[in-house]
Amino acid sequence: QVQLVESGGGLVQAGGSLRLSCAASGRRLSSYAMGWFRRAPGKERELVASIRWSGSPTYYADSVKGRFTISRDNAKNTVYLQMNALKPEDTAVYYCAAGVPAGAGAMYDYWGQGTQVTVSS
């Protein structure tokens with residue numbers, strides 16, 4: 001079993017930055033793919049970024065490419081999402097997930113409780 005706890009969300013002005021952290025416990029994450037998802041009000045959940053255990057390859061949604069960076073520290077069992085140049089449309093609840101790699105993606109079995117990110121214009 002894996003427990004994931006996100007932190008780092010908050011309220012920020014457009015153009016600002018936030019760094020989300022996802023701390024895992026219960027099992028080492030070094031063999032898992034890790035992903036950051038988000039769900040905005042009235043929208044479907046979407047995969048924002050993902051990373052394999054080795055640190056590559058990484059995936060980014062087109063809407064965040066060049067602005068967000070996913071990284072992981074296997075020694076600390078933690079994954080990060082650095083978000084720069086934030087836009088109001090980035091407002092959402094952000095979720096961390098862990099899963100077994102499957103093809104180009106992963107089967108995400110473990111989820112955090114989510115952290116709210118609000119970007120004001």
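Within the structure, salt bridge (charged side-chain N to carboxylate O under 4.0 Å, His left out) contacts touching residues 84-106 (residues at least two apart or in different chains) are R38-D90, R67-D90.
Between L18 and V117, some side-chain heavy-atom pair lies under the 4.5 Å cut-off. C96 has its side chain within reach of V79: a pair of non-hydrogen atoms, C-beta onward, lies under 4.5 Å apart. Side-chain contact check for Y59 versus L47: some heavy-atom pair is nearer than 4.5 Å. Side chains of Y95 and V48 form no contact here, defined as non-hydrogen atoms less than 4.5 Å apart. A heavy-atom distance below 4.5 Å is found between the side chains of R52 and P101. Taking the side chain as every heavy atom from C-beta outward, Y108 and M34 never approach each other to under 4.5 Å. Side-chain atoms of Q113 and E6, non-hydrogen and from C-beta on, do get closer than 4.5 Å to each other.
Hydrophobic clustering, with ILVMFWY side chains joined whenever heavy atoms are under 4.5 angstrom apart, groups Y60 together with Y94. Under the 4.5 Å side-chain heavy-atom criterion for grouping Ile, Leu, Val, Met, Phe, Trp and Tyr, I70 is connected to Y32 within one hydrophobic cluster. Cluster membership for Y110 and W36, using ILVMFWY side-chain heavy atoms within less than 4.5 angstrom, is shared.
Distance alone, capped at 3.5 Å, is enough to place a donor-acceptor pair between the T115 side chain and the G9 backbone. At least one donor-acceptor pair closer than 3.5 Å links the side chain of T91 to the backbone N or O of V119.
You'll find the ring centres of W111 and F37 inside the 6.0 Å limit.
A cation-pi arrangement is absent between R72 and Y80, since the terminal nitrogen or guanidinium carbon is not both under 6.0 Å from the aromatic centre and inside a 45° cone about the axis.
Note that CG of D109 is 6.5 Å distant from CE of M107, once rounded to the nearest 0.5 Å. If you take OG on S7 and CG on L20, they are separated by 8.0 Å, rounding to the nearest 0.5 Å.
With hydrogens and angles left out, the side-chain atoms of D73 and T78 include no donor and acceptor closer than 3.5 Å.
What you find for Q1 and Q3 is that their closest heavy atoms are CG-NE2, 3.2 Å. The shortest heavy-atom contact between A14 and P88 is CB-CD, 4.1 Å.
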Steps toward side chain to side chain contact (heavy atoms under 4.5 Å, CB included) verdict (Q82, S17): CA-CA 8 Å; Q82 178 67 43; S17 298; 4.0 Å; yes

